[in-house]
Amino acid sequence: MTPDQIKLVQDSFRGVVPIKTAAAALFYDRLFAIDGSLKELFHATDMSKQGAKLMAALGFVVHGLSRAETILPTVQDLARRHVGYGVEEHHYPIVGQALIETLDIGLGEAFTPEVREAWQAAYGLLAGVMIAAAREVQLAA
């Protein structure tokens, strides 16, 4: 990611914070619309708490993008935990699509092509790190 892309992601996330509860609900609505089978991963989950966790994790990552080396261990741990929840590698592109669609709807006109590209780069970076960490868990099993 370029410094400009990091700034675009961080600046645009400020527009998500005031609507974080609605954005989280929208994210899961989009996720389950894209792949209804993913509902099974959340069958015993309090979705309002899950949404709050999602927004907290997004905030942590977004604010840490300018110093990625400090957040990568936490992101890797998150990926390792998600393996235990049943998350598989093919789920990552679905999550990315749901995230981009959520941002598009939530930010409206502020979600410019440049902002979209920056978010796609950020998600691509993090998904790559998470997939690599998840593979390590699967290889060790």
Side-chain angles (χ1 to χ4, degrees), residues 1-139 141:
M1 289 190 72
T2 69
D4 287 344
Q5 286 178 318
I6 291 170
K7 183 169 177 13
L8 283 171
V9 168
Q10 291 174 334
D11 289 350
S12 64
F13 189 70
R14 289 188 190 98
V16 175
V17 173
I19 60 165
K20 65 184 178 185
T21 301
L26 178 59
F27 170 82
Y28 287 107
D29 286 348
R30 294 303 318 131
L31 185 69
F32 300 147
I34 296 164
D35 185 344
S37 72
L38 291 175
K39 285 183 185 178
E40 235 353 86
L41 297 179
F42 298 91
H43 70 277
T45 303
D46 177 329
M47 291 308 290
S48 64
K49 287 183 182 177
Q50 181 63 32
K53 288 179 183 179
L54 170 70
M55 288 294 125
L58 266 177
F60 171 78
V61 168
V62 165
H63 290 101
L65 282 175
S66 54
R67 53 192 196 296
E69 68 284 349
T70 66
I71 64 169
L72 291 183
T74 302
V75 170
Q76 291 166 327
D77 288 343
L78 182 65
R80 291 180 192 109
R81 284 195 308 276
H82 277 73
V83 170
Y85 305 147
V87 174
E88 298 176 8
E89 189 170 328
H90 71 272
H91 293 138
Y92 284 89
I94 298 165
V95 169
Q97 180 182 344
L99 175 64
I100 296 301
E101 290 178 10
T102 298
L103 292 164
D104 189 16
I105 294 166
L107 294 173
E109 291 181 9
F111 198 62
T112 64
E114 294 80 15
V115 172
R116 174 187 297 271
E117 186 178 313
W119 273 97
Q120 288 170 327
Y123 184 76
L125 170 72
L126 294 168
V129 168
M130 292 181 78
I131 289 168
R135 284 180 183 161
E136 290 172 8
V137 170
Q138 293 161 340
L139 288 174

Could you go through Arg14 and Val17, starting from their C-alpha distance and side-chain angles, then the distance that decides it, and tell me whether this counts as side-chain contact (heavy atoms from CB on, under 4.5 Å)?
CA-CA 5 Å; Arg14 289 188 190 98; Val17 173; 5.6 Å; no
Smallest heavy-atom separation, Ala122 atom then Leu65 atom, equals CB-CD1, 4.1 Å
Testing the 3.5 Å rule here: is there a donor-acceptor pair between the side chains of Ser48 and Asp46?
yes
CD/Glu117: more than 12 non-hydrogen atoms of other groups inside 6.0 Å
no
Here the gap from Phe111 atom CZ to Ile105 atom CD1, rounded to the nearest 0.5 Å, amounts to 10.5 Å
Any idea how His82 and Tyr85 line up, ring-wise: parallel (<30°), tilted (30 to 60°), or perpendicular (>60°)?
perpendicular
Between CD on residue Gln97 and CD on residue Gln120, distance to nearest 0.5 Å
10.5 Å
Would you give the length of the straight line joining atom CD1 of Ile19 to atom CE of Met55, rounded to the nearest 0.5 angstrom?
8.5 Å
Just do the side-chain contact (heavy atoms from CB on, under 4.5 Å) check on Leu107 and Ser12 with the steps written out, would you?
CA-CA 8 Å; Leu107 294 173; Ser12 64; 4.0 Å; yes
Taking every non-hydrogen atom, the tightest pair across Ala23 and Val16
CB-CG1, 4.1 Å
To the nearest 0.5 Å, what is the distance between OG1 (Thr21) and CG (Leu26)?
12.5 Å
d(Asp35 CG, Ile94 CD1) to nearest 0.5 Å is 4.5 Å
Donor-acceptor check, side chain of His63 to backbone of Phe60, threshold 3.5 angstrom: yes or no?
no
Report the distance from atom CD1 of Ile71 to atom CG of Leu78, rounding to the nearest 0.5 Å.
11.0 Å
Please check if the side chain of Gln5 supplies one atom and the backbone of Ala121 the other of a donor-acceptor pair under 3.5 Å.
no
Let me see the working for Leu41 and His91 under side-chain contact (heavy atoms from CB on, under 4.5 Å), right down to the final yes or no.
CA-CA 11 Å; Leu41 297 179; His91 293 138; 4.2 Å; yes
Report yes if some heavy atom in the side chain of Tyr28 is under 4.5 Å from a heavy atom in the side chain of Leu54; otherwise report no.
yes
Mind checking whether Trp119 and Phe13 have parallel, tilted or perpendicular rings, split at 30° and 60°?
tilted
I want to check something: taking the side chain as every heavy atom from C-beta on, are Leu58 and Leu99 in contact at a cut-off of under 4.5 Å?
yes
Side-chain (Glu40) to main-chain (Ser37) donor-acceptor, under 3.5 angstrom
no
Flag, side chain of Tyr92 to backbone of Tyr123, donor-acceptor distance under 3.5 Å:
no
Go through it in stages, so that I can follow the logic: the residues are Glu114 and Arg116, the test is side-chain contact (heavy atoms from CB on, under 4.5 Å), and I'd like the CA-CA distance, side-chain angles, deciding distance and then a yes or no.
CA-CA 5 Å; Glu114 294 80 15; Arg116 174 187 297 271; over 6 Å; no
With heavy-atom distances below 4.5 Å as the criterion, would you say the side chains of Glu136 and Gln76 are in contact?
no
4.5 Å side-chain heavy-atom contact, Val9 and Met1
yes
Can Asp4 and Lys7 be counted as an ion pair, charged N to O under 4.0 angstrom?
no
